[in-house]
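Encoded as structure tokens, the structure appears first; notes follow it.
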Amino acid sequence: MLDNFLSTRTFRNLSLISLTTLTLISCDKNESIPAQPYDEGVFVINSGNFFDNNGTLSLVSRNSKTASIDIFLKENNRSIAGGVTDYSEMDEKGIILIDNSTDGKDAIEIVDAHTFKSIASIKGEIDNPRKVVKAGNNKAYITCWDTFNPDYSYKQGFVAVLDLATNKITKKIPVDKGAESIVVIGTNAYVGNVGSQKTIKVIDTQKDEVSATIEVGANPSNFILDASNKIWMVAEKELRLFNPSTRLVETKLKAGSNDKKSPSSLSISSDKKTLYCTYNFYDSADGYKLKGEINAIDIATGTSKTFINRTFSSVGFDSKSGQIFTSLIPSYKQAGYIFRYQASGTLIDSVKTEIAPSGFYFK
Amino acid sequence: MLLLGWGLGISVGAFSQQNLSTDCKDCQQLSEVQVFGFSPEKFMAGLKVQKIDSINLARFQYQNLSEFLQFQAPIALKSYGSGQLTTISFRGTSANHTAVLWNGLNINSPTVGLSDLSTIPLMGFDQMAIQYGSSASCVGSDAVGGSILLSSVPNWNNKGINAIIGGQYGSFRSGNLNAGTRFNKSFKMGSLSGKTLFYGGNIRNFNGKISPVDAVRTDKNGREYPIEPSETTQKGFVQDLYFRFNTNKPSSYRLIYLNAWLTDNKLTIQPNIVDFREITQTQAYRIITGTQLDNTSVKLGFIRDILDYGKGDFQNPSHASTDRYIIRTEHDFISHKTAAKQNGPTVRTGGEFVHYATRVDGYGPAIIHENRGDAYALIRKGFDFNGKTNKLITTLNLRQAFSSRYKAPFTPAFGLNFNLFTNKISQLDFLGNIARSYRLPTLNERYWKVLGNPTIQPENGFNKEIGFDYKQLHGQYYKSSISINAFHNLIDNWTYWNPEKNYRVENLQQVLSKGLEINSSLKYNDFQQQRSAGLILAYSLTHASQQKVYDVYSQDLIGKQLIYVPRHAISGSIYYGQKLWNISLQGSFNSTRYFTFDHSGQPFPPYFIINTTFTHKIKIMSQDANLIFQANNLTNTVYPNVKRNAMPGINFQLAAVFNFHQ
């Protein structure tokens, strides 16, 4: 179809989507307000198809076998105008990052985290937003690739500072090309990339300035925190544990034994003892089918094993239920599915969501 | 007099089932065209062919096919925006199942196998017909769902030189200019006729110098669609030359001709900010030269299609260039009986050879060559019953395409027109056609390094259709017509960019498209008072769906309406004209369109849009000028394009076209 011809960018984007994953951020919230429809559940990030600009969020309740689809549309009577790259909550607000197929039309939607009613829309100020994280009181950091160069190479990326009191972008902090993963520990934000850079950038969240550049290995991404606030990441196609205090990579683990496959979509169990990731590759010997499995890595011993012998595009660990969620994208033109597994690896059920489910926000 | 017009319509038009807006003037023009060059309609018995009249073409001369066709027929257009990529889908098939022919040559882009109708301005040709259903046996690859036949026509009737200069300007600072001449001069050896035309213009879709970043349009249900600022500049050059030699015998016909059409279309999305720009430049050089000696014709063609796509400063765009060298020869065997009584057999035999040379960034550095050929025999025969000539007209078409790279299917077709009755005031015809069809793989499908598939096979279709066509006169001034057509088209080996294989293309799907079309018209014509009026309505019901399970998730798609295909589509127009002025309204309706295979997500809601035109002819110092006022989307309807951006709201254009006769 023509969609395919017109844009190498579509495919670039697809492959980037499949290579990247959502950083999981745990969330504690006050229980004083009466329960609202969006107070708990698993938010599924459906990235949508690039030119269709049809990203959505679905909500899957932990005790339900169906998904509430397109909850933004349901509550606001308008659609998200683009693909969805990330969703996270902070300061009682939900922040949706939106990538429209037209440069200059990307957006940030800010909603009430309890009602999902729109609070503010920020349009046309940042391009290719990737991940959002809480960076302080009423402050969010959003990693951005910016627009591509004419040859589709990355420009210098940046971290946009979002003031949640005024709902305005107050600053753009230049970081590495392909700025992507981000975590905040204390007053430091650590920013990875998918732009083939070997470094992470450290940002002082009080000054909103880069304070250090540290080499950790190419394409540091998929940041998650372990029990002692060290950062697990994927870099050089393996799992690496970065110690923010010493600023050194302490541990390197293989996610599996197949050199063709790459780990992605890293998540961690609630006891912080096990890492889960997708472990996939495109099999050129078999029509370039995506093949792979979900692997589990025991941090103590460093051993990996096939946890679910089925190919998925993402995996997430739900601390609240102790269940493992995976997502499957049959095509970017039909609804995808999420699968729920017990911690033992036994399949519980699957739920149809929307176009290209590619990440989760557990609440 | 009108009946005589119909008589012509039968003898000429019975095979090209006249639809809607044909009058006898056009029939005569058609018969003249048939003498010269390409006239596939003659071999399309049982198929529905809708001729677009010249008045309509003149009225919308500043439009592209993308804007024009929506109001002419109940067909589905898939648009990426105003002035942006727009493709047509006939009867539930996809855009590359539509053959777009210019003077008989398929001008679909060989890389993607389709035509972007937003790059084809009405200025570029003189006549147009829309043909529904499979006619691949007659016109070649791609004509699986339908075809659009564009042609240039010599004008032997108006002697002298006629200069035309015109311009149009309107909303969003969009405008067009054109200047040209038509000439017809007799010499001792014969007559020279031709046309030279330059045109250019631009289309924008936003008000003011810069469109605000958060510009949206909100529909009546509160749904917001962003406005994607775009600017399209277009320019072109047309040169037609015909020389007809004087001959001793009236039946003898000797002609040499040249048709050249150069086009350049440059679309810029986000034109105001360099970093945001996305530019698609489409250029085409199309040249045909040929000769016709009595019933034998030889045609040489060269088509170069260039597509450049890039971002930002457009310094190093991705480049695709394909050249086609075409030679086609045809000979018509016409029996004496045919010549005398018009009902004997006519056999057209022909052969075509096309050499492709393509250089596309995505195919690697080398030029890729491919040869394709076609051999065909088209047979038409009329039968008399009860003394009535041509009561039954049949066509049998046989075509075999060849390629240096794969095997193409043999493509036969059989069609008939049976006149059930004709009396003084009415006529009823039965139409039937059964046809194989095929689509050869696009160059992208075969040669695209990453996602192409060197073993991809041609698609093939099997189309069956029947129809009834009824016409009636009501007194001196009124006539009406109604036609009903039903079709069933099964297309196998339908190519699919398979997501399971990371979007590599495969012959995976099988699509069944079936439906019903109703066309009707009521027309009033008073030649003496120079008054005319009409009401034209067309409706189509289409169900097109994927049939074959090829993986576990395709079960979610089976039987569901294909994406972008509306189940119901309506187009219509109403007009009134008197002497020097004419007013018309055009309407177009599309029912809900899905854009996901499994119908998940929010489909595009139904929409209805209305355009209007007002034309007025003025005489200045014995010269003619035409004023054309046009208002589009009168109800200011908000509806989305396929990128879910808003299409333009109400907008206006005013044009003036001056004719200077020698």
Side-chain angles (χ1 to χ4, degrees), chain A residues 1-11 14-15 48-49 51-54 56 69-70 73 76-79 81-82 100-105 107 121-125 127 146-152 155 282 286-290 328-337 352-355, chain B residues 80 85 87 94-95 111-112 114 213-214 216 218 221-226 228 269-270 273 275-278 280 309-318 362 444 448 450-451 497-506 551-554 556-557 563 595-598 600-602 642-645:
Chain A
M1 279 193 187
L2 199 70
D3 312 44
N4 295 315
F5 123 76
L6 252 184
S7 178
T8 49
R9 185 173 162 188
T10 311
F11 291 98
L14 295 181
S15 59
N49 184 38
F51 268 127
D52 288 337
N53 291 311
N54 61 338
T56 54
I69 62 164
D70 206 345
L73 175 74
N76 299 293
N77 197 31
R78 63 185 173 90
S79 295
N100 188 282
S101 61
T102 303
D103 284 350
K105 289 286 178 186
S121 302
I122 300 171
K123 289 176 179 162
E125 293 199 29
D127 266 280
D146 205 347
T147 55
F148 289 104
N149 288 315
D151 64 353
Y152 292 98
K155 290 179 184 165
Y282 288 105
D286 186 15
Y288 296 92
K289 280 185 183 166
L290 182 69
L328 188 143
I329 303 171
S331 131
Y332 286 81
K333 278 287 194 184
Q334 77 184 88
Y337 294 84
K352 189 190 268 195
T353 64
E354 297 171 77
I355 304 297
Chain B
Y80 282 69
L85 175 69
T87 57
S94 76
T111 51
V112 288
L114 51 78
V213 288
D214 57 352
V216 294
T218 308
N221 299 314
R223 303 281 158 83
E224 280 180 4
Y225 302 104
E228 179 188 53
I269 293 169
Q270 291 279 27
I273 298 162
D275 272 2
F276 292 168
R277 269 184 210 157
E278 187 182 329
T280 309
Y309 172 80
K311 287 169 57 68
D313 56 10
F314 203 54
Q315 283 302 304
N316 288 300
S318 102
N444 270 3
W448 190 1
V450 187
L451 302 176
W497 300 85
N498 187 2
E500 204 205 344
K501 295 192 175 170
N502 204 17
Y503 291 91
R504 275 154 183 86
V505 68
E506 292 184 287
D551 67 24
V552 57
Y553 299 102
S554 63
D556 286 355
L557 327 176
I563 55 174
F595 64 95
T596 55
F597 291 132
D598 62 344
S600 64
Q602 290 293 319
V642 300
K643 286 193 275 185
R644 297 217 301 182
N645 294 316

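This structure is a prediction, so every number in the text was calculated from the model and none was measured. Throughout, protein chains are lettered first and strands after them, A, B, ... in sequence-line order, and every chain is numbered starting at 1.
- Taking chain B as the reference chain and counting heavy-atom pairs below 4.5 Å, the highest number among A:L328, A:N76, A:I69 is found for A:L328.
- When heavy atoms are compared at a cutoff of 4.5 Å, B:R504 approaches chain A solely by way of its side chain, counted from C-beta outward.
- Both the backbone and the side chain of A:N53 come within less than 4.5 Å of a heavy atom in chain B.
- Only the side chain of B:V216 comes within less than 4.5 Å of a heavy atom in chain A; its backbone stays farther off.
- Under the 3.5 Å distance criterion, the side-chain polar atoms of A:N77 are matched with a main-chain donor or acceptor of B:N221.
- Ion pairing between A:K123 and B:E224 holds under the 4.0 Å rule for side-chain N and carboxylate O.
- Heavy atoms of A:T147 lying under 4.5 Å from chain B belong exclusively to its side chain.
- If you measure heavy-atom distances from A:D146 to chain B, you find no contacts under 4.5 Å at all.
- Residue A:T102 comes nearest to B:I269 through the heavy atom pair CG2-CG2, 3.7 Å, listed as atom of the first residue, atom of the second, then distance.
- Classification of the B:Y309-A:Y152 ring pair by plane angle, with boundaries at 30° and 60°, yields parallel.
- Listed options A:Q334, A:K155, A:K352, A:E354 were ranked by heavy-atom pairs under 4.5 angstrom with chain B; first place goes to A:Q334.
- The contact between B:E228 and chain A is made by backbone and side chain atoms together, counting heavy-atom distances below 4.5 Å.
- Side-chain atoms of B:K311 never come within 3.5 Å of backbone atoms of A:D151 as a donor-acceptor pair (strictly under, hydrogens ignored).
- Between the B:Q270 side chain and the A:D103 main chain, a donor and an acceptor come within less than 3.5 Å of each other.
- Remark: A:Y337 engages B:Y553 in a ring pair (Phe, Tyr, Trp, His ring centres under 6.0 Å) (not counting sequence neighbours).
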CA sep, side-chain torsions, deciding dist, call: A:Y288, B:L451, side chain to side chain contact (heavy atoms under 4.5 Å, CB included): CA-CA 10 Å; A:Y288 296 92; B:L451 302 176; over 6 Å; no
